[in-house]
Amino acid sequence: MTRVVVVGSGAREHALAWVLSREADVVVTPGNDGMAAQGLRTSSASALELEPDLVVIGPEAPLVEGLADALRGRGVAVLGPGADGAQLEGSKAFMKDFLAAAGVPTARYCVVSDETSAREFFQSTRPPYVVKTDGLAAGKGVLVTANVEEALNDVREKLSGTAFGDAGRRVVLEEGLSGVECSVMVLVDGERAWPLATAQDFKRVGEGDTGPNTGGMGAYCPVPELDDVVPVVMETMVTPTLRELARRGVDYRGVLYAGVMVTAAGPYLLEYNVRFGDPETESLVRLYESQLLGVVEDCARGRLTSAPVSTPGAAVTVVLASRGYPEAPETGDVIDGLGPDGQLAEPMEGVVVFHAGTRRRTDGRFETNGGRVLAVSARATSVAEARRRAYGAVEKIQFAGRVVRSDIAREQEE
Ligand code: AMP
Ligand code: GLY
């Protein structure tokens with residue numbers, strides 16, 4: 001049996017391990033208590049020590065640090081780009097320069113490391129103003145505001161290093177785009193790219209897309225309205241990106257996640273991520289329940305010659321975050337409604353609970369242990385039905401100060 005190591009400890013990695021373990025011998029490093037409670041093997045050993053045939057790297061940080069290169073250097077197949085390709089996410093300045101070289105449509109931008117240059121750039125654009133940390137910031141380093149003084153304050157704070165440390169020592173400023181946002185994830189095998197089912201995530205913490213950006217409060221897939229967008233994204237973004245990667249000698253094998261704004265003038269690329277989206281993956285795996293291993297393995301080995309086929313139906317994921325998320329999440333609150341295996345105490349059809357920031361107490365119950373705590377994923381024949389199931393399950397899981405959006409996938413309600 002293929003030995004697959006999944007690297008990471010969040011709900012995305014739980015979802016990947018959950019689906020891959022149907023066909024492979026899976027170990028998650030480091031994993032979390034919820035995965036272990038469910039019978040998945042977790043280990044604090046390094047991916048290499050676990051003697052894998054295939055490694056799937058969940059988060060961006062180890063990719064940017066070159067984990068995929070180290071593993072490939074030892075002959076292991078890896079889903080995830082090397083440090084060179086991971087720069088597309090590791091540095092927004094690098095990504096924007098790359099997009100310009102590749103000719104991918106993206107917002108006008110400027111990279112600055114002083115406030116005067118920022119003021120000049122904003123004088124040349126109309127609101128909203130967009131300020132981004134150059135480096136990794138767990139999805140929280142972006143401000144979009146109509147108030148130029150607020151934007152400049154944010155620039156100052158980021159440059160001073162107080163808000164994001166070294167990740168903010170350079171900032172990327174952009175002109176604001178408006179339109180409908182969507183995520184298109186594609187698998188790249190070094191040469192070819194194939195789209196996965198479309199997904200929509202919800203980044204703001206508050207109902208109706210208000211409040212600060214988070215790592216993601218929920219997601220659903222597929223998104224029928226995106227059927228026409230995907231071919232355009234493939235043609236105007238992914239294909240030129242593959243060409244530019246090849247020109248630079250980058251062998252990119254892994255997920256390329258395009259964060260897209262569909263504007264009146266067509267789709268624009270907001271950002272690339274170099275990994276599966278979280279929480280999109282907690283929905284996505286539900287549409288590939290029995291065929292992900294072959295696809296992932298072929299991609300990692302550079303031989304993915306056809307598009308992965310998803311099963312009919314839909315999935316909705318709702319994230320349960322802890323009190324104070326995203327600014328100052330508090331931990332240690334007991335979670336009600338889960339059984340000893342970390343799933344719903346009273347199982348519901350189509351519902352799986354993926355664990356992120358949870359910890360098992362000595363009495364066997366779970367408590368909160370991070371900002372994003374659980375991702376409740378429901379599958380059904382339609383998005384509307386999956387939504388009903390997901391929220392039915394969400395009601396059964398309670399903890400003090402629980403932060404949940406009630407409007408995930410509401411637009412798909414029948
Ligand atoms: P990013 O991490 O670059 O995807 O940015 C996070 C979020 O900020 C995006 O999902 C958008 O909602 C918003 N955003 C980023 N760039 C822009 C832009 N140029 N115009 C308007 N909104 C943006
Ligand atoms: N859901 C957004 C992300 O994974 O970056």
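Small disclaimer: the values here were computed from a predicted structure and weren't measured. Below, each value reflects all heavy atoms present in this structure, side chains not excepted, and no hydrogens, waters or symmetry copies. Order of appearance sets the numbers: ligands from 1, and atoms from 1 within every ligand.
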Out of curiosity, is G277 lining ligand 2, as in a heavy atom under 4.0 Å away?
-> yes
I need the atoms of ligand 1 closer than 4.0 Å to a non-hydrogen atom of [X], numbered in the order shown.
X: E181; result: 9 (C), 10 (O), 11 (C), 12 (O)
X: E175; result: 18 (C), 19 (N), 20 (N)
X: N213; result: 7 (C), 8 (O)
X: M261; result: 21 (C), 22 (N)
X: A107; result: 19 (N)

Heavy-atom distances under 4.0 Å are what count here, so tell me which part of R275 touches ligand 2: side chain, backbone, both or neither.
-> side chain
[X] bridged to [Y] by N-O distance under 4.0 Å:
X: E174; Y: R108; answer: no
X: D333; Y: R323; answer: yes
X: D201; Y: K203; answer: yes
X: E282; Y: R12; answer: no
X: K92; Y: D134; answer: no

Assign the ring pair H14 / H355 to parallel, tilted or perpendicular, where the plane angle (0 to 90°) is split at 30° and 60°.
-> tilted
With atoms numbered from 1 as shown, which atoms in ligand 2 lie under 4.0 angstrom from a non-hydrogen atom of [X]?
X: D201; result: 1 (N), 2 (C)
X: E280; result: 1 (N), 2 (C), 4 (O)
X: Y257; result: 1 (N), 2 (C), 3 (C)

Would you please determine whether G176 falls within less than 4.0 Å of ligand 1 on a heavy-atom basis?
-> yes
Mark the output for R204 as yes if a heavy-atom distance to ligand 1 is under 4.0 Å, and as no if none is.
-> no
Does an N or O anywhere in L177 fall below 3.5 Å from an N or O of ligand 1?
-> yes
Show the atom names and distances, to 0.1 Å, of all donor-acceptor pairs under 3.5 Å that link a side chain in residues 227-235 to residues at least two apart or in another chain.
none

Heavy-atom count around Y109 OH within 6.0 Å, excluding the residue itself: above 12?
-> yes
Ligand 2 N/O within reach of K203 N/O, cut-off under 3.5 Å = no
Ignoring angles and geometry beyond distance, decide whether E271 reaches within less than 3.5 Å of ligand 2 through its nitrogen or oxygen atoms.
-> no
Should one rank E174, K132, K203 by closest heavy-atom distance to atom 3 (O) of ligand 1, which comes out on top?
-> K132
Contacts of T241 meeting side-chain contact (heavy atoms from CB on, under 4.5 Å) (sequence neighbours excluded), chain-then-number -> F98, V104, L245, L256, Y272
So, do V260 and L269 sit near enough that their side-chain heavy atoms are less than 4.5 Å apart?
-> yes
